[in-house]
Amino acid sequence: MSHKSWIGHDPMPITRLQHGISQAIARHVLTHKTEPSGGWTLDGLIRTVAGGDIRGQALWDKRREARADADGLAAAGVLLEDDRVRRGKPRPDDMEQRPDDMEQRPDDMEQRPGAWSKGPGPADT
């Protein structure tokens, strides 16, 4: 029995982002069904994904990190425009992944007994 999991977007552009705040913003924007009219505010998203009351220099730092990843966010389908964040289309040069593009067969992987160990010593390789 094959178990396929489709998340609706290609996760690779998100993993290529340099800053964790940018990754969290991208995941938030891409996983919500609806977008607020005019998009999300950057500060509001930062506070949402960072877990609450963030302000002052910490907020400035997170804004700077998100803006530094603006090209990578655009590749993932998230547009950062001034202080607003909107959902967009992934860049056409990025390959869109469809759920049936890759077949996974567990018998394709060689597994050696003892290659992984829960014990404190090194594994037998």
Side-chain angles (χ1 to χ4, degrees):
M1 177 189 220
S2 173
H3 295 287
K4 293 184 180 181
S5 178
W6 175 236
I7 56 176
H9 63 273
D10 182 6
M12 288 308 294
I14 296 173
T15 62
R16 291 184 188 122
L17 294 170
Q18 291 184 352
H19 300 96
I21 194 71
S22 305
Q23 293 177 356
I25 287 170
R27 287 187 194 104
H28 182 91
V29 169
L30 295 173
T31 58
H32 276 70
K33 278 186 174 182
T34 60
E35 178 178 321
S37 178
W40 290 268
T41 63
L42 180 57
D43 289 358
L45 271 177
I46 290 170
R47 287 186 179 107
T48 298
V49 301
D53 191 28
I54 182 170
R55 54 182 132 167
Q57 187 62 47
L59 184 58
W60 277 90
D61 291 342
K62 297 302 179 194
R63 279 189 213 127
R64 181 182 40 78
E65 291 171 1
R67 288 185 177 123
D69 276 335
D71 287 340
L73 284 165
V78 177
L79 304 176
L80 182 58
E81 302 164 339
D82 297 322
D83 67 335
R84 305 300 279 189
V85 180
R86 299 180 53 98
R87 195 176 294 130
K89 301 248 187 237
R91 279 193 287 201
D93 55 86
D94 294 326
M95 191 167 90
E96 187 175 326
Q97 186 179 34
R98 293 188 317 264
D100 57 350
D101 280 351
M102 183 183 295
E103 183 180 341
Q104 295 179 354
R105 295 185 309 249
D107 57 322
D108 286 348
M109 188 181 296
E110 179 184 344
Q111 295 180 356
R112 295 179 304 173
W116 183 80
S117 170
K118 287 186 182 179
D124 244 356
T125 54

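All values derive from a computational prediction rather than experimental measurement.
- Although no hydrogens or angles enter the test, the distance criterion places a donor-acceptor pair under 3.5 Å between the side chain of H32 and the main chain of H28.
- In the hydrophobic clustering of this structure, L80 groups with L59; members are Ile, Leu, Val, Met, Phe, Trp, Tyr whose side-chain heavy atoms approach within less than 4.5 Å, directly or through other members.
- The two residues G77 and L30 make their nearest non-hydrogen contact at O-CD2, 4.0 Å.
- Taking each heavy atom of A66 and S22 in turn, the nearest pair found is CA-OG, 3.5 Å.
- Contact record, I14 with A76: CG1-CB, 4.1 Å, taken as the closest heavy-atom pair.
- Closest approach of R55 and D53 over heavy atoms only: NH2-OD2, 2.6 Å.
- The side chain to side chain donor-acceptor pair (under 3.5 Å) search around R63 returns D43, not counting sequence neighbours.
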message: Checking R67 against L42 for the side chain to side chain contact (heavy atoms under 4.5 Å, CB included) test, could you report, in this order, the C-alpha distance in whole Å, the side-chain angles of both residues, the deciding distance, and whether it holds?
response: CA-CA 10 Å; R67 288 185 177 123; L42 180 57; 3.9 Å; yes
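- Residue pairs meeting the salt bridge (charged side-chain N to carboxylate O under 4.0 Å, His left out) criterion with at least one member in residues 74-86, sequence neighbours excluded, are E35-R86.
- Atoms CZ and OG1, on R47 and T41 in that order, are 8.0 Å from each other to the nearest 0.5 Å.
- Residues I25 and D69 are not in side-chain contact: their nearest non-hydrogen atoms beyond the backbone lie 4.5 Å or more apart.
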- prompt: Between L73 and V29, is a side chain to side chain contact (heavy atoms under 4.5 Å, CB included) present by the stated rule, with each step listed?
  reply: CA-CA 10 Å; L73 284 165; V29 169; over 6 Å; no
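- To the nearest 0.5 Å, atoms CD1 (I54) and OG1 (T48) are separated by 11.5 Å.
- For the side chain to side chain contact (heavy atoms under 4.5 Å, CB included) test with V78, the passing option among L17, L45, V85 is V85; the others fail.
- Between the CD1 atom in I21 and the NZ atom in K62 there is a gap of 5.5 Å [rounded to 0.5 Å].
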